[in-house]
Amino acid sequence: MIIDGKQISEDIKQEVKAEAEKLKAERGITPGLAFILVGENPASQSYVKSKGKACEEIGFYSVTEKLPATVSEHDVLEMIRGFNNDPKIHGILTQLPLPAHISEQKVIETILPEKDVDGFHPVNVGRMLIGLKGFLPCTPAGIWELLKRSSINPAGKHVVIVGRSNIVGKPVAAILMQKKEWANAIVTVAHTAAPDISYYTKQADILIAAVGKARAITAEMVKPGAVVIDVGINKIADASTKTGFRTVGDVDFERVKDIASAITPVPKGVGPMTIAMLMVNTLRAARGNVYYSRAGQTAPEMYQAS
Ligand code: GUN
C-alpha cells in the first residue's frame with residue numbers, strides 16, 4: 001500500500017475548513033496565523049508560501065512578515081511580542097532555521113505557549129512528554145494521523161525511528177510511546193552514534209526515517225512487511241527535469257516499496273501532512289481550548305509567573 005499523504009492532508013484541510021466556518025458562525029472568530037520568515041533560504045521561502053496558501057484555501061486569516069537576514073534578534077522578539085498581544089492572531093510560526101546571530105531557543109520561548117502552533121515551546125514539549133493536552137509539533141502529529149487514517153495501529157509494535165531531532169525524532173518517540181489509543185508502541189530511537197543503523201532498522205515493524213540524507217534507508221535495511229514512513233525531503237540533481245533537480249526521501253522508495261506492507265512516498269507523503277496539522281493546531285488555538293483548565297484558570301493565566 002502506498003499511503004497517500006496528499007489525499008489525507010486534503011481531507012483534513014476540508015474538515016478544518018468546515019470547523020472554521022462553524023467557529024466563525026457561532027463565535028465570530030476567524031483563525032489567524034502569523035508567519036515570520038527571516039532571510040532568503042529558498043526551502044524556508046517555499047515552506048512559508050505553501051503554509052500561507054493552505055491558510056487561504058481554508059479561510060484562515062494570515063500575515064507573513066519577511067525580514068532581512070541582517071535583522072537583529074531584538075527586532076524579531078519584538079515582532080513576536082506584538083503578535084502575542086494581537087487578538088486577531090491565534091498562532092505564531094517563525095520559520096527555522098534562523099541566521100546564526102538569532103537564538104532559535106529565545107525565539108521559541110518568546111512565543112506564548114497558547115500561540116505556539118509549531119509545538120516547539122518547552123511548555124508544549126513537556127506537556128506532550130507526560131501525555132497532557134497541548135500543541136503537538138506538526139510533522140510528528142502528521143505521522144501519527146497518517147498511521148491512524150491508514151488503520152495502522154502502533155500499539156504493541158516495535159517502532160524504530162532513525163533520527164533524534166527536536167522537530168521529528170524526539171517528539172514522534174514521545175507521542176508513540178504514550179499509553180494511549182493509537183500509540184502504546186515499543187520505541188527505539190537510532191541515530192548517528194549507532195555503529196550499524198541496519199541492526200536497528202531491520203527489527204522495525206514500523207520504521208520512521210528522519211535522517212536527512214537521500215535514500216539512506218535501503219531495501220536490505222527493512223524487514224519484509226514493515227510499514228515505512230519517510231520524513232526526508234532531499235533535493236538531488238536530475239538532468240531530466242526542468243529545474244535540474246528533484247525531491248527524494250530518506251528511503252530508497254523504488255526498492256523498499258516492494259517489500260514494505262505500506263510506505264509513504266516523497267513528495268506527497270509526510271510533507272503535506274505537516275501543513276494540514278499546522279491548520280489543525282491553528283484551529284485549536286483559535287478555539288482557545290488547547291489546555292485543560294485547572295481550577296478555573298484560563299490557559300494564559302496558567303503560564304503567567306505568580
Ligand atoms: N523548519 C523545518 N520544519 C519546520 C517547522 O515545522 N516549523 C518551523 N517553524 N520551522 C521549520
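Both ligands and their constituent atoms are indexed starting at 1 by order of listing.
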Atom 1 (N) of ligand 1 [closest protein heavy-atom partner, distance rounded to 0.1 Å] = L96 O, 2.9 Å
ask   = Side-chain heavy atoms under 4.5 angstrom apart, residues restricted to Ile, Leu, Val, Met, Phe, Trp, Tyr: same cluster for V160 and I175?
value = no
message = Is the contact between Y47 and ligand 1 made by the side chain, the backbone, both, or neither, using heavy atoms and a 4.0 Å cut-off?
response = neither
task = May I ask you to list the atoms of ligand 1 that are less than 4.0 angstrom from any heavy atom of L93?
result = 9 (N)
request  = Identify whether NZ of Lys or CZ of Arg in K180 sits under 6.0 Å from the centre of the six-membered ring of W182 and within 45° of that ring's axis.
outcome  = no
ask   = Other hydrophobic cluster members with I236, side-chain heavy atoms of Ile/Leu/Val/Met/Phe/Trp/Tyr under 4.5 Å, chained?
value = V248
query = For atom 11 (C) of ligand 1, what is the nearest protein heavy atom, given as residue, atom name and distance?
reply = Q95 NE2, 3.3 Å
inquiry  = When you group the ILVMFWY residues by side-chain heavy-atom contacts below 4.5 Å and let the links chain together, are V172 and I229 in the same group?
reply    = yes
ask   = Would you say D118 and ligand 1 have an N/O pair spaced under 3.5 Å apart?
value = yes
message = If we count only N and O atoms by modelled type, under 3.5 Å, do the side chains of Q45 and N41 hold a donor and an acceptor together?
response = no
task = Check if T94 has a non-hydrogen atom at a distance under 4.0 Å from any atom of ligand 1.
result = yes
